[in-house]
Amino acid sequence: MAFINLTNLTYKYPLTETPVLQNINLQINEGEFVAVVGPNGAGKSTLCYTLAGFVPHFFKGELTGSVEVAGASLLESTLDEWVLNVGLAFQNPFNQISGAKYSVFEEIAFGLENIGIPREEIKVRVEEAMVRTGIRELADRSPYSLSGGQQQRVALTSILVMKPKLLVLDEPTSQMDPIGTREVFGVIRKMAEEGMTVVLVEHKVEWIANFADRVVALKGGEILLEGKPNEVLTSELLSENGFGISRYTSAAREAQKRGLWKKKQLPVTLDEAVEGFKS
Amino acid sequence: MEVISQNAVYFVVVAAIMILLFAWAYFTKRIQKDFITMTWVLIPVAIAINLTIGQIVLLLKLPVYLDSIGTVLVGVICGPWAGALTGTLSNIIAGIILDPGWFPWFPVAAAIGATAGVMANLGFFKNWWKVVVTGFIIAIVATIVGTPISIAIFGGISASGSSIITAFLLETGRSLVSSVLTTNFISEPLDKIATSLLAFAIIDGLSARYLARFPRGENAAVEKGQKQTQLIIALVVVVLLILFGIFVLPMLTGG
Amino acid sequence: MNPNRSFFVPVDSPLHRLNPLTKLTFVFAMILPAFLSVPELAPILAIPVFLAAFIGRVQKPYLNLLLKLILPTITFMFVMQSVFLPGGETILFMLGPFDVTQEAMRSAFFTVTRIFVMVSSFALLLLTTHPSELMSDLTQRGLPGQFAYVIISTLQILPQMQAKAQTIIAAQRSRGLDTESTFLKRAGSLVPLVSPLVFGSLAEVEERAIAIEARGFTSKKTKTSLHEISDTSFDKGLRWILVILILASVALRIWLS
Ligand SMILES: Nc1ncnc2c1ncn2[C@@H]1O[C@H](COP(=O)(O)OP(=O)(O)OP(=O)(O)O)[C@@H](O)[C@H]1O
Ligand SMILES: [Mg+2]
């Protein structure tokens, strides 16, 4: 059985008429790194909240179908149990600062204190996690004094340190520069290789092509397409449906029409494009 | 001295009431439902709103304090207990960062939040005129709770501007209790009605989707009605309250 | 206004090293006797508070606070109460139509010394104890973790909101806000000043709630604490002594009456 099982998942926020997620069926295996793409309002964040248990436990509303993660059923679990298995970090880093702590080190320890990890273990784990995400030197800074990109790393580290089985990330690098983004994607990839399952919403498709195992394309609350990153991200369906696509893909598609791109597979990243045009 | 024995009685009574209320609160299920994470996260924001608006109002030299808008807001959308807690902590924080002289007033702040919550539960936070009534009730409660503190801790005359009124009333031969009580009756309603109306304006500006996240969001469902009729009713209510203040209070406080 | 979140002065002193609860007990061992015991005790209690400020090596900021915050207020109160408090036989002198009696002055003196003791002993606690240390300690002793969350979070949010308020006020000033203009104009300028602050900060609440709940804020497990706060047997002994002093002072008052 798959690690994540979404069966006929349909969800409506309270006080609304139309479902935001419609009849979603999706299986994800343990250790898989799955990226979710979609235009604005497609329901990507809502899907993240569902995997993380906040839909329906926090947002209420109407959920039908079933959500299973690590053998547990969402509707039969409480949120405080659920978050032990599933970590969530999202876009706006400022709002993710707990506010209860004066230093980055303490901020990252916040989650571990809450779930009753012994003091000595907390120190070791926080240290480890900070080294991993490259923010060791921020340890004594105030979380509020950091840049947006640094705050995003702190938010990610605060979740990683809790060692969730499933990591759900909703545009976690939106305020980072390309170097920072590459580093963070590297960290996430490594976590997946060590067995953590990752679901990531991301607009930067080139990074997805480089790092993810699979891509799910969401539109109007439904899964439009899913499969290997290169196949999904270069599909004509995506450009027809208003998804953001890589400029290398559009360039190569244009070139293909004029007979300048010979390969069958269109590129997503710069490297693939360069290589394709060379041959 | 008479004042000293009032102190002892006051301390014991306040401590006993607080302990009883909190013990009761602790064992009641409904209260646990009021203290969800949204409530815990809202309270610091509400306290910051209290103190920041309080300072802006000082800067604008308006004849009100408006330092409990956040407390009233929490009382309405998270329930009386959360309101009381917000008021209490607001005074503790003000004591920590502004002036420790805020500490002794915490029962007043707690009473403001609790009263706002109770009135909202009774449906009295849904349109303008009902909010005016709520503001007035809050003022009465604040007066009742504040007067003994003012007398027991601060000797009845503090450094605030309204002490001038107290001093004047004392000269007319009234007792200390009566003078302080009357001063508060005169100065509180304007402030608390304005506070409640501003809290209502904030709630009116928040989306239904947002309010629904809070434990008592339904308290804030603004009644749709003729704006004009409501305004007229509000005016009538204010006039009645003023008349009440002029004619009934002097009798109550023993002239 | 103190924009720096708190009065805390980070130096090393015997007082700084005391357990926060011990210092809190000290505060109450000053305040409760000041208000509950015989009035003559209040002026005497100012002495241990004063000495403690030296032990805590915070005498300078402490005196600063006294001069700027506490003394002006209580002096004003003392004058007001001496003049206006009714009653008393021994008229010392007349001030216009008001008589200043010895009894009123005596009563005013004891009221302000009590307030002095209350405010300055609290100030001393705040000068020598970081708020997060105090909250950690109380949490470890069983205060629900949410209280620590609210206190610390407020102390961090408030300076930010005040900074935002400064920016908005400056912007409105350049657009003609005048804090000296007519009452109606000043009252009318309140809404444009506060609404961006209020709605902006309320909008953050939902995501912050999600973020901390994702990190186990509502976990039913017993919370642990990153920092260990020392509680020596000296601390424990001192607390007992202070509690006994409180009881003794109240007993003294009952015995004398
Ligand atoms: N709390 C809520 N209550 C009601 N409707 C909501 C709520 N949150 C989101 N929606 C609606 O649900 C739909 C999907 O929103 P969602 O945030 O999941 O989209 P998204 O794919 O993450 O978009 P974006 O790319 O802008 O982040 C939108 O139409 C949005 O307006
Ligand atoms: Mg989104």
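Order of the sequence lines sets the chain letters (A, B, ...), proteins ahead of strands, with each chain counted from 1.
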**Asked** What's the shortest heavy-atom distance between C/A214 and A/F54, and which atoms?
**Response** N-CZ, 3.6 Å
**Message:** Does any backbone or side-chain atom of A/L79 lie under 4.5 Å from a heavy atom of chain C? Answer side chain, backbone, both or neither.
**Reply:** side chain
**Prompt:** In terms of heavy-atom pairs under 4.5 Å, which option from A/S158, A/P164, A/A52, A/G53 contacts chain C the most?
**Reply:** A/S158
**Item:** Non-hydrogen atoms of C/T224 and A/I117 that approach each other most closely
**Value:** OG1-O, 2.5 Å
**Item:** Side-chain donor or acceptor of C/R215 paired with backbone N/O of A/I159 under 3.5 Å
**Value:** no
**Asked** Among pairs that include at least one residue of residues 110-152 of chain A, which meet ring pair (Phe, Tyr, Trp, His ring centres under 6.0 Å), considering only residues two or more places apart or in two chains?
**Response** A/F94-A/Y144
**Asked** Closest heavy-atom contact between A/R119 and C/H227?
**Response** NH2-O, 3.6 Å
**Request:** Please indicate whether C/F234 has more than 12 foreign heavy atoms, meaning atoms of other residues, nucleotides or ligands, lying under 6.0 Å from its CZ.
**Result:** no
**Distance, nearest 0.5 Å, that separates NZ of C/K220 from CD of A/E81** = 6.5 Å
**Asked** Using a cut-off of under 4.5 Å for heavy-atom pairs, which of A/P118, A/A100, A/G111, A/A155 has the most such pairs with chain C?
**Response** A/A100
**Message:** Around atom NZ of A/K165, are there more than 12 heavy atoms from other residues, nucleotides or ligands closer than 6.0 Å?
**Reply:** no
**Message:** Give the interface residues of residues 84-92 of chain A toward chain C, defined by a heavy-atom separation under 4.5 Å.
**Reply:** A/L84, A/L88, A/F90, A/N92
**Asked** Side chain, backbone, both or neither: which part of A/A109 has a non-hydrogen atom closer than 4.5 Å to chain C?
**Response** side chain
**Message:** Would you say that C/I210 contacts A/F59 through its side chain, given a criterion of any heavy-atom pair below 4.5 Å between the two side chains?
**Reply:** yes
**Message:** Set out, in order, the CA-CA distance, both residues' side-chain angles and the distance that settles side-chain contact (heavy atoms from CB on, under 4.5 Å) for C/L155 and A/Y102, then state yes or no.
**Reply:** CA-CA 10 Å; C/L155 290 177; A/Y102 283 91; 3.8 Å; yes
**Message:** Ignoring hydrogens, what is the shortest heavy-atom contact between A/S98 and C/S153? Give both atom names and the distance.
**Reply:** O-OG, 4.5 Å
**Complete:** Among C/Q160, C/M135, C/E206, the residue with the most heavy-atom pairs under 4.5 Å to chain A is C/Q160
**Fill in**
Okay, C/T218 and chain A: the region with an atom under 4.5 Å from a heavy atom over there is both
**Request:** With rounding to the nearest 0.5 Å, note down the distance linking CD1 in A/I115 to NZ in C/K221.
**Result:** 6.0 Å
**Item:** Nearest heavy-atom neighbours spanning A/E113 and C/L226
**Value:** OE2-N, 2.7 Å
**Nearest non-hydrogen partners of C/G216 and A/M162, listed with the distance** = N-CE, 4.4 Å
